[in-house]
Amino acid sequence: MEPVFFLLFVNFIVLVFTFTNGFHDAANAIATVVGTRVLTPRQAVIMGAITNFLGALSGVAVAKTVGAGLVDTGYVTTVTVLCAMLGGIFWNVLTWYFGLPSSSSHALIGGLLGAAFASAHNKWEVIKWSVARTDPKTGRVVMDGLYYKVIIPMVSSPILGFVGGMLVMGLLFAIIRHLRPRLVDRVFGRLQLVSASYMGWAHGYADGQKTMGIMALACYVATKNGSLRNLPPSLGFLSTPEFEIKGWVKCACGLAMALGTYSGGWRIIQTLGRKMVKLRPVHGFAAEATGATILLVTGKLGMPISTTHAITTAIMGVGCARRFSALNWTLVERILWAWILTIPATALLAYGMVRLAQGLGWTG
């Protein structure tokens, strides 16, 4: 296959992953607003698609971390990117089929780590564990790499989501305890339209950027490897001599995520919105406000945290603010196992695919 057409195919697979991220993680943006019956499922996915698209266009800090801050791009080829995406897509579809809200973000990161490790022929230095750099704007030393940008946030964000959801719900309970339930439902039914839009925007802001970074990485390594020397003018937009997130990459990934969200992930919506804990509008508002704020802050810091972890643990915290027995603990245990297994599973899948490609003499 011609290198240019192969790059186009790889970018298409990245967009397929983005689409699966949209329908897989649609529940993160809209499950609570559907579970509380403030919006119908169809109204919710339309709102989610629009806010996801707008969020995806709102920043690039996370995209730069994923595309250039986790692995040494000197070992990466377009085959590396392809295998990383295929591993993530397989995991997304598998967990979607079983209705488990696992992390598409961690599926992508796990796939990238496994594929890069195989491309580097098992050299651990391909993974940027901890890197110190000077911020050109502030002059301060900033810590980057897998440990600071992925592992620490991966552990801390679920704790913040759970504790934050519990505290916000506790505060709201103190405010509304003397109000009539019907009035509370009416007020927070309207406020939840705002919080659900905020959550949809934050989902696009956090997750849309991750695949932008991968697409930009594919174009960058193809350009660096000399695969795009004789590009026709109509495909000149693919040339990326320096790693950057171009406008067309933002729009393509944002649109793919919006379309995926519109298609909906009804199995996971059922799990998050109705099965895990019974929600009313005030609970949905508290969970969405908590989860979206965590995504906004970490997105500004360039941390590719899991949207799934943020909103799911916020819902757990909101449920436990009433009583710990409000949670379906059997279901919670299934979800936790899916979270723990995501990065190792996708890393192994992508590693095996790259090794198979190398055995066939297909190096990209």
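Note that these values count all heavy atoms, side chains included, but never hydrogens, waters or copies made by symmetry. These figures come from a predicted structure and were not determined experimentally.
Counting heavy-atom neighbours within 6.0 Å of F243 CZ, excluding the residue itself, gives a total above 12. Counting heavy-atom neighbours within 6.0 Å of F173 CZ, excluding the residue itself, gives a total above 12. The neighbour count for N230 CG, taken as heavy atoms of other residues, nucleotides or ligands under 6.0 Å away, does not exceed 12.
Here the shortest heavy-atom pairing between Y148 and S130 reads CE1-OG, 3.0 Å. The shortest heavy-atom contact between A310 and T313 is O-OG1, 3.3 Å. Listed here is the closest heavy atom pair of L349 and G87: CD1-O, 3.9 Å. When all heavy atoms of V66 and L112 are compared, the pair lying nearest together is O-CD2, 3.6 Å. Of all non-hydrogen atoms in T346 and G110, the two that sit nearest each other are OG1-CA, 3.4 Å. Considering every non-hydrogen atom in both P153 and P158, the closest pair reads O-CD, 4.0 Å.
Using modelled atom types, one side-chain atom of K128 and one backbone atom of A68 make a donor-acceptor pair closer than 3.5 Å. With hydrogens and angles disregarded, no donor-acceptor distance shorter than 3.5 Å links the side chain of T312 to the backbone of H309. Checked by atom type and distance alone, the side chain of N225 never pairs as donor or acceptor with a backbone atom of S227 at under 3.5 Å. In terms of modelled atom types and a separation under 3.5 Å, the side chain of T78 and the main chain of A222 share no donor-acceptor contact. A donor-acceptor distance shorter than 3.5 angstrom exists from the side chain of K149 to the backbone of L301, with no hydrogens or angles considered. Under the 3.5 Å distance criterion, the side-chain polar atoms of Q209 are matched with a main-chain donor or acceptor of Y205.
Distance CD1/I343 to CD1/I151: 7.5 Å, rounded to 0.5 Å. Here R229 contributes atom CZ and L231 contributes atom CG; the two are 11.5 Å apart, rounded to the nearest 0.5 Å. To the nearest 0.5 Å, atoms CG (L15) and CD1 (I214) are separated by 12.5 Å. For the atom pair L54 CG and T51 OG1, the distance stands at 7.0 Å (nearest 0.5 Å). Within the model, atoms OG1 of T18 and NZ of K210 stand 11.5 Å from one another, a figure rounded to the nearest 0.5 Å. Taken to the nearest 0.5 Å, the CG atom of N92 stands 9.0 Å off from the CG atom of L108.
Side-chain contact, S105 with D207: a donor N or O sits under 3.5 Å from an acceptor N or O.
The hydrophobic clustering, which links ILVMFWY residues whose side-chain heavy atoms are closer than 4.5 Å, places L70 and L348 apart. With hydrophobic clusters built from ILVMFWY side chains whose heavy atoms lie under 4.5 angstrom apart, V354 does not share a cluster with Y351. In the hydrophobic cluster analysis, where Ile, Leu, Val, Met, Phe, Trp and Tyr join through side-chain heavy atoms closer than 4.5 angstrom, V131 is grouped apart from W124. There is a path of hydrophobic side-chain contacts, each under 4.5 Å, that joins I159 to L167. Using a 4.5 Å cut-off between side-chain heavy atoms of Ile, Leu, Val, Met, Phe, Trp and Tyr, with links allowed through other members, L255 and L57 fall into the same hydrophobic cluster.
Legend: residues meeting side chain to side chain contact (heavy atoms under 4.5 Å, CB included) with E125, ordered by chain and number and at least two apart, are Y75, K123. By the ring-ring contact (aromatic ring centres under 6.0 Å, His included) test, F237 pairs with W248, sequence neighbours left out. Partners of T240 by side chain to side chain contact (heavy atoms under 4.5 Å, CB included), not counting sequence neighbours, listed by chain and number: C219, Y220, T223, E244, K246. Looking at residues two or more places apart in sequence or on another chain, you find a side-chain hydrogen bond (donor to acceptor under 3.5 Å, both in side chains) between S195 and E288.
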Using a 3.5 Å cut-off and no angle test, enumerate the donor-acceptor pairs between side-chain atoms of residues 291-298 and protein atoms at least two apart in sequence or in another chain.
residue, atom, partner, partner atom, Å
T293, OG1, Y198, OH, 3.1
T293, OG1, A289, O, 2.7
T298, OG1, I294, O, 2.8
T298, OG1, L295, O, 3.3

Under 3.5 Å donor-acceptor pairs involving side-chain atoms of residues 177-184, not counting sequence neighbours:
residue, atom, partner, partner atom, Å
R177, NH1, A174, O, 2.6

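For the pair I176 and V187, the minimum side-chain heavy-atom distance is 4.5 Å or more. The shortest distance between side-chain heavy atoms of K250 and V60 falls below 4.5 Å. At least one side-chain heavy atom of M47 sits under 4.5 Å from a side-chain heavy atom of S197. When side chains are defined from C-beta on, V79 counts as touching F6, because their heavy atoms get closer than 4.5 Å. Residues L238 and L8 form a side-chain contact, since some pair of their non-hydrogen atoms from C-beta on lies under 4.5 Å apart. Proximity of P3 to L228: side-chain heavy atoms (C-beta onward) are nowhere separated by under 4.5 Å.
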field: Stepwise side-chain contact (heavy atoms from CB on, under 4.5 Å) test for V318 and T290
entry: CA-CA 10 Å; V318 166; T290 301; 5.7 Å; no
task: Would you please test D144 and K64 for side-chain contact (heavy atoms from CB on, under 4.5 Å) and show each step?
output: CA-CA 11 Å; D144 282 340; K64 290 179 178 178; over 6 Å; no
- request: Mind running side-chain contact (heavy atoms from CB on, under 4.5 Å) on L82 and F9 for me, showing each step along the way?
  value: CA-CA 9 Å; L82 176 63; F9 175 71; 3.9 Å; yes
task: For side-chain contact (heavy atoms from CB on, under 4.5 Å), just list the numbers for M169 and V282, CA-CA rounded to whole Å, side-chain angles, deciding distance to a tenth of an Å, and then say yes or no.
output: CA-CA 8 Å; M169 193 65 246; V282 64; 3.7 Å; yes
